[in-house]
Amino acid sequence: MLPPFGWQAILDRWEFAPVVTAVAVVAMALYLWGAWRVGRRHPARPWPWWRTAMFLGGLAVVVAATESGIGAYDDVLFWDHMIQHLMLIMIAPPMLVVGQPVTLLLHASRNPLHTWTKRVIRSRAVSFLTWPPFGLAAYAATIAGTHLTGLMGLVMTHPAVHDAEHALYLIVGYLFFLPIVGREPIRWRVSYPVRLLILLLAMPVDTFTGLVLGYATTGMPGMPADMRPAGSPSPVEDVHWGGAVMWIGGDALMFAFMMVVFLLWSRNEMADTRAQGWLEAVRKSNFDELVTSATGAASGGSVSSGGIDDDEHLAAYNAYLARLNQPGHGADGRR
């Protein structure tokens, strides 16, 4: 019998999972090796430290979700099981995506690995898997299919199926968030309004699943009632709490991602505005110099102290266009 569930139990009740630990350690080692290799090959442009922190943070979330007290109680408390699901499909995957492991691999590798990776990224299979509508459909099917069907009972009674469910959440979450917050060299480039639309369409999936669970009249199949920790809700209340976690927690996370996309959109618009302003300033400066020289030449090499008026601008510009249209005029602006 496990002790009452709480922060103390989450921090104390660690259960070693050899497969999860091995995969996390190997992924961490390969990523750090790639970052070190990029820094060594390009000292002036090392791999961003914050991307490394995000990727390692995503691995840490996976380990915490499966090996800490959250993983220890996921077989006896359904609402804890739902917290684990949100961590595996909505928190860890976007952190891994922001870490850009594929881009790091391309920067750190040499041929033939480099060429093979580019070929895989551009393949039809990867293009289909990273297609935003497929990611949205996979997310909706995973959330609804694993919580509102008999699959949950199978997951609770078969450890191998339970572990496969964890991997499914990570893969689906990665594919869903890749075109939304990622910058990997995949085929699809999704505009910011479409990213917001995808998140908006995914939010009702969490809401619907949470509401259905919130109105359940029976406990979750496969969840042992005789092994519940002291102070736990009843089996039916446990399902209701799990529905609340999915509804409130899932929608809150979706809203947070919408805010992140909106901020990225705003920063991109500001950068474009600054670039356009700089180009406009250069264009205006060059045009003013052209008009000034043309007007000065027309007036005997001098320009009036009052500056150049609109008529003089127009006349000089028309004269410049006439020179460009004359036969034999070079592409570089000289005869």
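Model, not experiment: these values are computed from the prediction. The residues of the chain are indexed from 1 along the displayed sequence.
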Is there a side-chain contact between L113 and L105, using heavy atoms and a 4.5 Å cut-off?
yes
For T103 versus P185, what's the shortest heavy-atom pair and its separation?
OG1-CD, 3.4 Å
Is a side-chain N or O of R37 found less than 3.5 angstrom from the main chain of S109, in a donor-acceptor match?
no
What closest approach, in Å, do A72 and R13 show between heavy atoms, and which atom pair accounts for it?
CB-O, 3.7 Å
Are the side chain of W188 and the backbone N or O of S127 linked by a donor-acceptor pair below 3.5 Å?
yes
Once ring-ring contact (aromatic ring centres under 6.0 Å, His included) is applied, what residue pairs with a partner in residues 228-252 remain, sequence neighbours excluded?
W79-W241
Apply side chain to side chain contact (heavy atoms under 4.5 Å, CB included) to residues L213 and L148 and explain how you reach the verdict.
CA-CA 8 Å; L213 294 174; L148 304 182; 4.1 Å; yes
Surrounding CZ of F208 (heavy atoms of other residues, nucleotides or ligands, distance under 6.0 Å), is the total greater than 12?
no
Residues L88 and H166: closest non-hydrogen pair is CD1-CD2, 3.7 Å
Do the non-hydrogen side-chain atoms of F177 and L96 ever get within less than 4.5 Å of each other?
no
Greater than 12 external heavy atoms within 6.0 Å of F16's CZ:
yes
Under the ring pair (Phe, Tyr, Trp, His ring centres under 6.0 Å) test, residues paired with H85 that sit two or more places apart:
H81, H147, Y169
Least distance between heavy atoms, V97 atom then V181 atom
CG1-CG2, 3.9 Å
What do the steps show when you test I180 against F257 for side chain to side chain contact (heavy atoms under 4.5 Å, CB included), and what is the final call?
CA-CA 9 Å; I180 297 176; F257 286 120; 5.8 Å; no
Can any side-chain N or O of R51 pair as donor or acceptor with the backbone N or O of V98 at less than 3.5 Å?
yes
Give, for atom CG of L154 and atom OG1 of T149, the distance between the pair rounded to the nearest 0.5 Å.
9.5 Å
Between Q100 and E184, is there a donor-acceptor pair closer than 3.5 Å when you use the side chain of the first and the backbone of the second?
no
Check whether M254 and L196 end up in the same hydrophobic cluster, where Ile, Leu, Val, Met, Phe, Trp and Tyr are linked by side-chain heavy atoms less than 4.5 Å apart.
yes
Do D75 and H162 have side-chain heavy atoms sitting under 4.5 Å apart?
yes
Residues which pass side chain to side chain donor-acceptor pair (under 3.5 Å) with Y73, listed by chain and number, not counting sequence neighbours
none
Main chain of T142, side chain of T146: is a donor-acceptor contact present, judged purely on distance under 3.5 Å?
yes
Could you pull out the closest heavy-atom pair between D238 and F78, with the gap in Å?
OD2-N, 2.7 Å
Any heavy-atom pair between the side chains of R228 and V76 that's under 4.5 Å?
no
Hey, does F55 have a side-chain heavy atom less than 4.5 Å from the side chain of L32?
no
Side-chain heavy-atom pair I70, D80 within 4.5 angstrom cut-off
yes
Please answer: with hydrophobic residues joined when any side-chain heavy atoms are less than 4.5 Å apart, are M258 and I91 in the same cluster?
yes
Heavy-atom closest contact (V126 atom, I121 atom, distance):
CG1-O, 3.6 Å
Does CZ in R124 sit with more than 12 non-hydrogen atoms of other residues, nucleotides or ligands closer than 6.0 Å?
no
Should W265 and F255 be counted in the same cluster of Ile, Leu, Val, Met, Phe, Trp and Tyr side chains packed under 4.5 Å apart?
yes
So F176 and L199, do their side chains get closer than 4.5 Å, heavy atoms only?
yes
For L104 and T52, run side chain to side chain contact (heavy atoms under 4.5 Å, CB included): C-alpha distance rounded to whole Å, both residues' side-chain angles, the deciding distance at 0.1 Å, then the answer.
CA-CA 10 Å; L104 177 61; T52 301; over 6 Å; no
Using side chain to side chain contact (heavy atoms under 4.5 Å, CB included), reason through I10 and W7 one step at a time and then give a plain yes or no.
CA-CA 5 Å; I10 292 177; W7 287 109; 4.2 Å; yes
